[in-house]
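Here's the structure, in structure tokens; my notes come after.
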Amino acid sequence: QKILDIYSEFHKDALANPSDHKFLIYRTTALGLGNQFETLVSTFVFAMLTERVLLVDAATIHHLLQPPSGISWHWQTIFDLIGEDTIQKSAKLVNLQWQNPKEFPSLLCANLDEEYPEQFLFVFSDQYYLPALRHSPVYK
């Protein structure tokens, strides 16, 4: 419970001062609910390892899962605060779908802060990639 409390405070502060923080926006694919939860968990860990705020762009998840009390995790929140032009200037899409294996070596070997310095990462995934993060020597 303590980790979620710390994260909740971090999340609230980031939304109050968005220019001082980095964000990871999770975009799901048309997967089954179980796969969406697995990728959401992987992406939450990715966000925590890189000290990013997790936001979600997935209608299914919003209807079934509520964020911790007092925070909003819908990506539209940051879009409304900062604006599309600012986001596009410092954004990158990280495609972690099984058909696109080129991003996975970064998860296994790289310092993700150095690999992805952009303020906004849009992670598009249909994979449970937490084991790749867990086995990275950078984060052991």
Side-chain angles (χ1 to χ4, degrees):
Q1 180 65 26
K2 192 170 188 163
I3 289 175
L4 283 179
D5 292 339
I6 293 168
Y7 176 77
S8 291
E9 289 304 314
F10 170 70
H11 191 105
K12 289 175 195 175
D13 181 57
L15 292 181
N17 306 293
S19 61
D20 297 337
H21 292 84
K22 291 184 177 183
F23 298 86
L24 194 154
I25 297 95
Y26 165 61
R27 288 188 162 171
T28 187
T29 58
L31 298 171
L33 186 58
N35 290 22
Q36 288 184 41
F37 281 126
E38 286 181 339
T39 58
L40 178 63
V41 168
S42 298
T43 306
F44 181 64
V45 171
F46 188 164
M48 289 179 58
L49 288 173
T50 58
E51 297 181 19
R52 293 176 179 272
V53 175
L54 175 66
L55 300 173
V56 180
D57 181 16
T60 303
I61 301 269
H62 288 292
H63 296 299
L64 298 173
L65 195 63
Q66 292 185 345
S69 180
I71 67 172
S72 171
W73 68 1
H74 194 284
W75 86 282
Q76 190 67 40
T77 305
I78 197 67
F79 187 84
D80 293 341
L81 286 172
I82 292 182
E84 182 177 0
D85 291 340
T86 302
I87 292 172
Q88 286 183 353
K89 288 177 187 171
S90 182
K92 179 174 178 127
L93 173 65
V94 180
N95 186 348
L96 296 174
Q97 296 184 86
W98 72 271
Q99 304 97 324
N100 183 35
K102 74 176 188 171
E103 297 281 357
F104 283 94
S106 296
L107 295 178
L108 289 166
C109 302
N111 179 320
L112 298 174
D113 288 319
E114 294 172 4
E115 187 74 13
Y116 305 114
E118 294 81 8
Q119 186 178 9
F120 302 95
L121 285 185
F122 287 84
V123 174
F124 191 66
S125 180
D126 60 3
Q127 294 295 305
Y128 179 60
Y129 60 91
L130 183 58
L133 296 172
R134 185 176 166 270
H135 290 292
S136 170
V138 176
Y139 298 105
K140 284 201 176 220

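The figures here come from the full heavy-atom set of this structure, side chains too, leaving out hydrogens, waters and symmetry mates.
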For residues 107-114, which side-chain donor-acceptor pairs fall under 3.5 Å, sequence neighbours excluded?
from : atom 1 : to   : atom 2 : distance (Å)
N111 : OD1    : D113 : N      : 2.9
N111 : OD1    : E114 : N      : 3.4

Scan the side chains in residues 81-91 for donor-acceptor partners under 3.5 Å anywhere in the protein, sequence neighbours excluded, and list what turns up.
from : atom 1 : to   : atom 2 : distance (Å)
E84  : OE2    : Q88  : NE2    : 2.9
S90  : OG     : Q119 : N      : 2.9

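Residues T39 and Q127 come closest through the heavy atom pair CG2-O, 2.8 Å. Across all non-hydrogen atoms, the minimal contact from L55 to H74 is CD2-O, 4.2 Å. The nearest pair of heavy atoms linking F120 to R52 is N-NH1, 4.3 Å. Taking every heavy atom of both residues into account, I78 and P18 meet most closely at CD1-CB, 3.5 Å. When all heavy atoms of L54 and A47 are compared, the closest pair comes out as CB-CB, 4.1 Å.
Rounded to the nearest 0.5 Å, atoms CD (E51) and CZ (F10) are 6.5 Å apart. E118 contributes atom CD, which lies 11.0 Å from atom CG of L93 (distance to the nearest 0.5 angstrom). Residue L133 holds its CG atom at 8.0 Å from OH of Y139, rounded to the nearest 0.5 Å. We find the NE2-OG1 distance between H11 and T77 to be 7.0 Å, quoted to the nearest 0.5 Å. Taking CG from L49 and CZ from F44, the interatomic distance works out to 10.5 Å, rounded to the nearest 0.5 Å. The CZ atom of F79 lies 14.0 Å from the CZ atom of F23; values are rounded to the nearest 0.5 Å.
Partners of K92 by salt bridge (Lys or Arg N to Asp or Glu O under 4.0 Å), not counting sequence neighbours: none found. With sequence neighbours left out, F124 forms a ring-ring contact (aromatic ring centres under 6.0 Å, His included) with no residue at all. Under the rule for a ring-ring contact (aromatic ring centres under 6.0 Å, His included), Y116 has no partner lying at least two apart in sequence or in another chain.
Looking only at side-chain heavy atoms (C-beta outward), L121 and F46 come within less than 4.5 Å of each other.
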Give the intermediate values and the outcome of side chain to side chain contact (heavy atoms under 4.5 Å, CB included) for residues W73 and V53. CA-CA 9 Å; W73 68 1; V53 175; over 6 Å; no
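Among residues at least two apart or in separate chains, salt bridge (Lys or Arg N to Asp or Glu O under 4.0 Å) pairs with a member in residues 6-23 are E9-K12.
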